[in-house]
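Values below: all heavy atoms of this structure, side chains included; hydrogens, waters and symmetry mates excluded.
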Amino acid sequence: MAGNTFGTVFTVTSFGESHGPAIGCVVDGCPPGLALSEADIQRELDRRKPGTSRHVTQRREPDTVEILSGVYEGMTTGTPIALLIRNVDQRSKDYGNLVETFRPGHADYAYTMKYGRRDPRGGGRSSARETAVRVAAGAIAKKWLRERHGVVIRGFMAQLGPIEIPFISWEHVEHNPFFAPNLELAPELERFMDALRKAGDSVGAKLTVVASGVPPGWGEPVFGRLDAEIAAAMMSINAVKGVEIGDGFAVVTQRGSEHGDELTPQGFLSNHAGGILGGISTGQDVVVHLAVKPTSSIRLERRSIDLRGAPTTVATHGRHDPCVGIRATPIAEAMLALVLMDQALRHRAQCGDVVPPVSPLPGVAPGVVGPVPSPR
Ligand SMILES: C=C(O[C@@H]1CC(C(=O)O)=C[C@@H](OP(=O)(O)O)[C@H]1O)C(=O)O
């Protein structure tokens, strides 16, 4: 495979370039009988689309989705679902100075070395615009997971550059431009972003995504472990440089007596594992943290080389996100949904009629630890 298809049973094949006529995907393997409308998908796309605040790219894309196939009388039919999003606000002249050189930290160089050529307009295939189609596909997975299994997938920004964002409430997340779970910090985040934009620079971010209500048993034992597939899915998002499941790198200093989540008849006493043991879900919240690097397209002049290998300098013009992490929360939620739906169908295929000897434990014993979205 040439790297544009994701999944095993529930698959997504993505296509399109940032400045081409359209982007889109084909979702295959969706069970029949799921009620699905364009509005179900549009709701998610509107959370990610560009131009929604002064802190993100000012490119104006409505990201209007069209369902071309796979749905009849409002229900999925089990046949491939083709989704199309037309590009309407390309401004390719902004990329004139990038035809002959490479942005430091951008895929420009690696694409050129791999393919010998590239579409420089808007970063072509390497543009984060491609993530819109994952959000569209993820909306289908989110809906199926919620309706069939009661799984709820939510995310938030845990850190913007140097500013840690203590979690207050899920209620806050959709009421500020950052997906911050803490409205008190919004003015500080805005001031930080205004200064950063003025300086022509960019910054990274940390996000947390949580899936609640995942039943125990999803995931494969060796290859295709749930945590491995989540890590791969998150790493497939542009600019993601680190992924942690549960306590992640903090396990380095922990002892076994602290890390191992104890089981009681009332439920688990903690969730250091992030809801996955042996590559298989435990029924606890699946907790994922992501590190997103600073945007490589910045206004500041940086050293590079031209296509003959001679030294040059490059600065980026045009409409860029000073922090790609700001719009990445819906993308990370979508990728988690795609992995979970694929794993749910794989589990159903092999183990759908297994009856375990004990009933599933509640994710967390009542009154012991809250639902775990604590950013460390
Ligand atoms: C259009 C989107 O984001 C784009 C992602 C992007 C990049 O290089 O990743 C570069 C910019 O594109 P352009 O130069 O065409 O304005 C962003 O606007 C989007 O997310 O929908």
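At least one side-chain heavy atom of E66 sits under 4.5 Å from a side-chain heavy atom of R86. Taking 4.5 Å as the limit, every side-chain heavy atom of Y95 sits out of range of all side-chain heavy atoms of Q90. The shortest side-chain heavy-atom distance between V56 and P50 does not fall under the 4.5 Å cut-off. I67 places a side-chain heavy atom less than 4.5 Å from the side chain of L83. Within the 4.5 Å cutoff, no side-chain heavy atoms of H320 are placed close to those of I298. In this structure, E38 and L45 have side chains that are not in contact, with every pair of non-hydrogen atoms separated by 4.5 Å or more. Proximity of P166 to L185: side-chain heavy atoms (C-beta onward) are separated by under 4.5 Å at one or more points. Side-chain atoms of C30 and M341, non-hydrogen and from C-beta on, do get closer than 4.5 Å to each other.
In the hydrophobic clustering of ILVMFWY residues, with side-chain heavy atoms under 4.5 Å counting as a link, M235 and L207 come out together. Residues V240 and V203 share a single hydrophobic cluster, defined by chaining ILVMFWY side chains whose heavy atoms lie under 4.5 Å apart. Grouping the Ile, Leu, Val, Met, Phe, Trp and Tyr side chains by contacts below 4.5 angstrom, directly or via other members, places V209 apart from I168. Placement of V9 and V27 within a single hydrophobic cluster is found when ILVMFWY residues are connected by side-chain heavy-atom separations under 4.5 Å, directly or transitively. Hydrophobic clustering places I326 together with F192 (ILVMFWY residues linked when any side-chain heavy atoms are closer than 4.5 Å, directly or through intermediates).
Counting heavy atoms of neighbouring residues, nucleotides and ligands inside a 6.0 Å radius, atom CZ of F15 exceeds 12 of them. More than 12 heavy atoms of other shown residues, nucleotides or ligands fall within 6.0 angstrom of atom CD in E147. Around CD of E184, the count of heavy atoms belonging to other residues, nucleotides or ligands within 6.0 Å does not exceed 12. Surrounding CZ of R302 are at most 12 heavy atoms belonging to other residues, nucleotides or ligands under 6.0 Å away.
The distance from atom CD1 of I81 to atom CG of L68, rounded to the nearest 0.5 Å, is 11.5 Å. Taking CG from L34 and CG from D40, the interatomic distance works out to 8.0 Å, rounded to the nearest 0.5 Å. The CE atom of M157 sits 5.5 Å away from atom CD1 of I165, with the distance rounded to the nearest 0.5 Å. Distance OG/S92 to CG/L98: 11.5 Å, rounded to 0.5 Å. Here CG of D227 is found 10.5 Å from OG of S281. Values are rounded to the nearest 0.5 Å. With rounding to the nearest 0.5 angstrom, the CD1 atom of I140 is 9.0 Å from the CG atom of L338.
Contacts of R303 classified as side chain to side chain donor-acceptor pair (under 3.5 Å), with partners at least two apart in sequence or in another chain: none.
For the residue pair I280 and G219, the shortest heavy atom distance occurs at CG1-O, 3.7 Å. The two atoms that bring V324 and K293 nearest to each other are CG2-O, 3.7 Å, heavy atoms only. Considering all non-hydrogen atoms of both residues, A211 and L336 come closest at CB-CD2, 3.8 Å. The nearest pair of heavy atoms linking V314 to S304 is CG1-CB, 3.9 Å. Taking both residues in full, the closest heavy atoms of I305 and T101 are given as O-OG1, 2.7 Å, listed atom of the first, atom of the second, then distance. Nearest heavy atom pair, residue R348 against residue W144, reads NH1-CZ2, 4.1 Å.
Judged by distance alone, with hydrogens and angles left aside, the side-chain atoms of N4 form no donor-acceptor pair with the main-chain N or O of T13 at under 3.5 Å. Side chain of Q159 to backbone of G161: a donor-acceptor contact under 3.5 angstrom is found. Judged by distance alone, with hydrogens and angles left aside, the side-chain atoms of D94 form no donor-acceptor pair with the main-chain N or O of H317 at under 3.5 Å. Under the 3.5 Å distance criterion, the side-chain polar atoms of N176 are left unmatched by any main-chain donor or acceptor of L183. Of the possible polar contacts, one joining the D261 side chain to the A273 backbone as a donor-acceptor pair under 3.5 Å is found. Put simply, the side chain of T76 gets close to the backbone of P31: a donor and an acceptor are under 3.5 Å apart. Under a 3.5 Å cut-off, the side chain of K143 and the backbone N or O of I41 do not form any donor-acceptor pair. Although no hydrogens or angles enter the test, the distance criterion places a donor-acceptor pair under 3.5 Å between the side chain of D306 and the main chain of R308. Although no hydrogens or angles enter the test, the distance criterion places a donor-acceptor pair under 3.5 Å between the side chain of N238 and the main chain of S126. Of the possible donor and acceptor atoms, one in the side chain of R299 sits under 3.5 Å from a partner among the backbone N and O of R197.
By the 4.0 Å N-to-carboxylate-O rule, R103 lies close enough to D108 to be salt-bridged with it. The pair R346-D342 meets the salt-bridge criterion, since a charged nitrogen lies less than 4.0 angstrom from a carboxylate oxygen. In summary, E333 and K142 engage in a salt bridge, as defined by a charged side-chain N under 4.0 Å from a carboxylate O. With salt bridges taken as basic N to acidic carboxylate O contacts below 4.0 Å, none links D194 and R191. Classification of E164 and K206 as a salt-bridged pair fails, no side-chain N sitting under 4.0 Å from a carboxylate O.
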Practice problem: Take L226 and L340 through the side chain to side chain contact (heavy atoms under 4.5 Å, CB included) test and state the conclusion after the steps. | Solution: CA-CA 8 Å; L226 182 56; L340 287 171; 4.0 Å; yes
Practice problem: Apply side chain to side chain contact (heavy atoms under 4.5 Å, CB included) to F6 and M335, showing your working. | Solution: CA-CA 10 Å; F6 174 85; M335 292 314 295; 4.2 Å; yes
Exercise. Assess whether side-chain hydrogen bond (donor to acceptor under 3.5 Å, both in side chains) is satisfied between T295 and S297, documenting all intermediate values.
Key: CA-CA 6 Å; T295 319; S297 301; over 6 Å; no
Quiz item: Yes or no on side chain to side chain contact (heavy atoms under 4.5 Å, CB included) for S14 and R125, after CA distance, side-chain angles and deciding distance?
Solution: CA-CA 10 Å; S14 144; R125 184 76 184 141; 2.8 Å; yes
Exercise. Could you walk me through whether M193 and S53 pass the side chain to side chain contact (heavy atoms under 4.5 Å, CB included) test, one step at a time?
Key: CA-CA 11 Å; M193 287 307 301; S53 81; over 6 Å; no
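When each of D321, T57, T52 is tested with R327 by the rule side-chain hydrogen bond (donor to acceptor under 3.5 Å, both in side chains), just one qualifies, namely D321. When each of K49, R319, R91, R129 is paired with E61, the salt bridge (Lys or Arg N to Asp or Glu O under 4.0 Å) condition holds for R129 and for no other.
The aromatic rings of F178 and H55 sit tilted, their planes meeting at an angle between 30° and 60°.
Between S37 and R43, the side chains place no donor N or O within less than 3.5 Å of an acceptor N or O (distance only, hydrogens not considered). A donor and an acceptor atom, one from each side chain of R48 and T131, are located under 3.5 Å apart.
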